[in-house]
Amino acid sequence: MFEVEKTFTFEAGHVLHHHDGVCSRPHGHSYVLKVAVRKEHLLSTGPQQGMVVDFHQIRSAVKPMLDEFFDHHWLNDTIKTESPTAEFIAKWIFDYLYPQIEGLFRVTVCETATSSASYTKIE
Ligand SMILES: [Zn+2]
């Protein structure tokens, strides 16, 4: 099994209304997003021969989504939830990208350098 992963960054604000700690205050993160694609076989013909997927193809799907919903946005409003946790964001992004990226396997959202959440497709 082959896996490729592309990393993106975005800045966004949110508040976790139900949290019993500091996350109940409005604040922001410099998020890191990782999008992983898995395939059993490499592409055997055409300009992407020898690849799982062209990294540019991943970017073409992710960048417009980041612009519309994530980068410099208030996540409670744009993805419509009271609890835009890293877990919620990972699942939301996975569902959004799934129809666009063949072989999408895992979406990881890092809120800080030491805290991340992933949503993975288990067959
Ligand atoms: Zn936060």
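All ligand and atom numbering here is 1-based and tracks the order in the structure. The structure displayed is predicted, hence computed values, not measured ones.
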**Study point:** Validation row: M65, F10 side chains within 4.5 angstrom (heavy atoms)
**Key:** no
Exercise for review: Write the atom name of the N, O or S atom in H29 that is nearest the Zn ion (ligand 1).
Suggested key: NE2
Check your understanding: Would H14 count as a contact for the Zn ion (ligand 1), in the sense that one of its N, O or S atoms lies under 2.8 Å from it?
Key -> yes
Check your understanding: Does the side chain of V109 reach to within under 4.5 Å of the side chain of F88, using non-hydrogen atoms?
Key -> no
Review point. Does atom NZ of K39 have more than 12 heavy-atom neighbours from other groups under 6.0 Å away?
Key: yes
Check your understanding: Are any non-hydrogen side-chain atoms of Y31 and E111 less than 4.5 angstrom apart?
Key -> yes
Exercise for review: Return the name of the atom in H27, of element N, O or S, nearest to the Zn ion (ligand 1).
Suggested key: NE2
